[in-house]
2 protein chains.
Amino acid sequence: MAAKVRRAGRRADALSKERIVEAAIEILDRDGESALTFRALAARLSTGSGAIYWHVADKNDLLDAATDAVISRVMTEDVGHEAPREAIRTVAVGVFDAIDAHPWVGTQLAREPWQPAMVHIFEGIGAQLQALGVAEGAQFNSASALVSYLLGLAAQYAAVMQLVPRETDRSAFLAAIASRWAQHDPAKYPFVHQIAAQLPEHDDREQFLAGIDLFLAGIDAGRA
Amino acid sequence: MAAKVRRAGRRADALSKERIVEAAIEILDRDGESALTFRALAARLSTGSGAIYWHVADKNDLLDAATDAVISRVMTEDVGHEAPREAIRTVAVGVFDAIDAHPWVGTQLAREPWQPAMVHIFEGIGAQLQALGVAEGAQFNSASALVSYLLGLAAQYAAVMQLVPRETDRSAFLAAIASRWAQHDPAKYPFVHQIAAQLPEHDDREQFLAGIDLFLAGIDAGRA
DNA sequence: ACCTGAACACCGTTCAAGT
DNA sequence: ACCTGAACACCGTTCAAGT
């Protein structure tokens with residue numbers, strides 16, 4: 001844990017926070033959250049496990065940096081040419097797709113709301129709310145609600161993805177949950193019964209966008 | 001890990017899943033998520049750490065059971081006499097307050113969307129959406145959106161609570177985040193700057209309800 | 001300044017052995 | 001049937017020692 005001074009003439013394969021974060025992302029993507037250990041990371045970088053601590057404060061710092069690397073890439077997409085409503089959907093879908101590609105990002109975003117990646121998400125959503133003409137006093141609440149929704153679904157989606165990575169396993173897994181939910185007393189849990197039937201074949205992405213639209217409709221209603 | 005057969009004549013202080021879960025909740029509430037270890041639990045119950053595995057499959061099973069115990073208590077509140085809109089707010093606030101009292105519940109709900117506690121939440125929200133007259137085809141999407149929002153905010157709130165338990169520390173903590181957010185370039189992050197100012201003194205519970213109302217307004221708009 | 005790798009203080013989980 | 005507690009296979013993190 002020390003500030004790193006950058007200088008010219010370093011070896012090409014020298015350790016750096018960027019190289020560590022990059023390696024961490026590869027491990028997380030290929031083998032999941034539980035596979036990211038300092039030992040595995042050190043082995044992959046052909047170094048000692050203690051060396052990593054020179055560039056990274058601790059595991060949390062590493063996960064924050066990895067999450068920020070993924071999210072800031074998404075948030076550099078230019079949405080300036082789109083209408084605010086479409087731009088919000090684009091930003092939201094961008095985050096959704098990033099979590100689809102990197103499930104661990106969903107877990108991490110929900111776990112640390114104050115991390116750097118959140119700044120990008122808040123700015124991306126908030127700027128469009130301003131463009132949409134939401135009253136200044138309502139902007140914080142609206143942005144917060146949208147971001148909470150985004151993260152809540154992200155965390156749940158990531159949790160399922162983490163257990164069953166492939167598309168085919170996924171619907172089988174959801175079918176298993178559905179049949180467990182369907183075992184509850186239909187008299188006491190009529191609604192759970194009803195959605196259990198729809199659970200295995202529902203489209204997550206479509207449902208996600210439906211939620212965004214519900215929000216936008218609510219915001220619209222507030223302005224009228 | 002075995003089915004437990006209940007019989008009469010057991011000693012009053014005999015181990016049971018209920019007693020284990022109760023002790024786990026007490027540890028989680030008093031000392032936080034990281035304090036719940038099988039060793040600490042065994043010490044508190046004056047038993048061996050291995051004994052717990054006779055009643056509980058693993059740590060995940062224990063956390064699911066603890067979460068379900070807290071949530072099912074909230075969900076037994078009778079909202080039958082309230083109008084659907086008020087009933088939804090009551091249910092949502094009930095979950096919010098439960099997480100306020102037991103921050104670890106927020107973390108756990110977001111981490112395992114298929115756990116038993118979610119069945120109660122879905123039923124509580126869904127039943128009221130039906131009463132509200134939401135079209136059957138839209139009920140799953142609407143309930144899912146509301147639950148996602150609920151869990152997203154819950155996870156974030158729990159994350160902050162977990163770090164700074166007391167009310168006074170909390171606003172100091174938020175002020176620290178706000179000042180970090182305010183250090184970003186105002187030209188590139190105007191919205192983040194704006195909400196940073198509001199962050200320390202905003203009321204989480206009020207903001208939470210504002211988000212629920214946004215949803216309800218969106219649902220209303222969809223029915224018109 | 002940066003890297004090494006053994007050592008420390010933990011974990012969850014298992015399992016032979018007890019009652 | 002239920003409980004004990006040592007043992008196993010891990011963790012994140014530290015730190016004296018190297019270059």
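Chain naming here is simple, since letters A, B, ... match the order of the sequence lines and numbering starts at 1 in each. Values in this document were obtained by computation on a predicted structure and should not be read as measured data.
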Which of these nucleotides, [options], is closest to any side-chain atom of [X]?
X: B:Tyr53; options: D:dA6, C:dG12, D:dG12; value: C:dG12
X: B:Phe38; options: C:dC3, D:dA1, C:dT13; value: C:dT13
X: B:His55; options: C:dT14, D:dT13, D:dC3; value: D:dC3
X: B:Thr37; options: D:dG12, C:dG12, C:dT13; value: C:dG12
X: A:Ser49; options: C:dC3, C:dG12, D:dT13; value: D:dT13
X: B:Ala14; options: C:dC11, D:dC3, D:dC11; value: D:dC3

B:Trp54 side-chain N/O to D:dC2 phosphate OP1/OP2 under 4.0 Å: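 Checking D:dC2 against B:Trp54, a side-chain N or O does come within under 4.0 Å of OP1 or OP2.
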
Sugar-phosphate only, base, or nothing, as touched by A:Leu45 at under 4.0 Å among non-hydrogen atoms: nothing

Touch class at under 4.0 angstrom, heavy-atom based, for B:Ile52 against every strand present: nothing

A:Arg205/A:Asp100 ion pair, N-O < 4.0 Å: no

Expressed in angstrom and rounded to an integer, what is the separation of [X] atom [atom1] from [N] atom [atom2]?
X: B:Lys17; N: D:dC2; atom1: NZ; atom2: C1'; result: 17 Å
X: B:Lys59; N: C:dC10; atom1: NZ; atom2: P; result: 15 Å
X: A:Asp61; N: D:dT13; atom1: CG; atom2: P; result: 10 Å
X: B:Asn60; N: C:dT13; atom1: CG; atom2: C1'; result: 14 Å
X: B:Asp58; N: C:dG12; atom1: CG; atom2: C1'; result: 9 Å

Nearest-nucleotide 5' precedence on DNA chain C, A:Ala51 against A:Arg39: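 The answer here is A:Ala51.
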
DNA chain C: 5'-proximal contact among B:Ala35 and B:Gly50 (nearest heavy atom): B:Ala35

Step-by-step side-chain hydrogen bond (donor to acceptor under 3.5 Å, both in side chains) determination, A:Thr107 to A:Glu33: CA-CA 9 Å; A:Thr107 316; A:Glu33 297 178 44; 2.8 Å; yes

Polar side-chain atom of B:Gln194 near backbone of B:Pro190 as donor-acceptor pair, under 3.5 Å: no

B:Arg39 side chain vs B:Ser49 backbone, donor-acceptor pair below 3.5 Å: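 Checked: no pair found.
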
Can you measure from [atom1] ([X]) to [atom2] ([Y]) and round to the nearest 0.5 angstrom?
X: A:Leu150; Y: A:Phe208; atom1: CG; atom2: CZ; result: 4.5 Å
X: A:Asn141; Y: A:Leu146; atom1: CG; atom2: CG; result: 11.5 Å
X: A:Leu129; Y: A:Phe215; atom1: CG; atom2: CZ; result: 10.0 Å

Watson-Crick and G-U pairing of DNA chain C written in dot-bracket, each distance under 3.5 angstrom, with | for inter-strand partners: ||.|||||...|||||.||

